[in-house]
Amino acid sequence: NEQDREQIEQQHTLLKRAKELWPDDERIYMLFVSYYRHTGQTENVKKILAEITNKHIYLSHEGKAWYEFWNAGSVSE
């Protein structure tokens with residue numbers, strides 16, 4: 001419905017703003033993957049994972065395990 005669509009758009013806007021403020025924070029990328037996964041945007045999940053690699057985003061031990069999970073093809077089409 002319309003209210004759900006507005007909330008989803010607001011969430012995306014907030015995520016983009018957070019990424020502008022904290023471009024190297026792994027948690028922002030994790031949130032993007034979660035958002036894209038829950039909204040069925042599988043291609044954008046792949047783009048975010050590629051962006052982490054291309055921008056050399058530092059990943060903590062937990063972040064590395066998270067990245068390996070998602071990058072190992074665990075994203076169902």
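As the structure is a computational prediction, the values presented were derived from the model and not from experiment.
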Point-to-point distance, once rounded to the nearest 0.5 Å, from CG of Leu31 to CD1 of Ile28: 5.5 Å
Working to the nearest 0.5 angstrom, can you tell me the gap between Lys55 NZ and Asp24 CG? 8.5 Å
Taking [X] for the side chain and [Y] for the main chain, is one N or O donor matched with an acceptor at less than 3.5 Å?
X: Ser34; Y: Met30; value: no
X: Asn54; Y: Ala50; value: yes
X: Tyr29; Y: Pro23; value: yes

Anything under 30° is parallel, anything over 60° is perpendicular, the rest tilted; go ahead and classify Tyr36 against His12. tilted
State whether the number of non-hydrogen atoms from other residues, nucleotides or ligands found under 6.0 Å of Gln3 atom CD is greater than 12. no
Same apolar cluster: Tyr35 and Leu14, side chain cutoff 4.5 Å: no
Going only through I, L, V, M, F, W and Y residues with side-chain contacts under 4.5 Å, is there a path from Tyr58 to Leu21? no
Minimum-distance pair of heavy atoms, taken over all atoms of Leu59 and Glu26: CA-OE1, 3.1 Å
Does the side chain of Gln41 come under 3.5 Å of the side chain of Thr39 through a donor N or O and an acceptor N or O? yes
What I want to find out is whether Lys46 reaches Glu51 closely enough, with some N-O distance under 4.0 Å, to be called a salt bridge. no
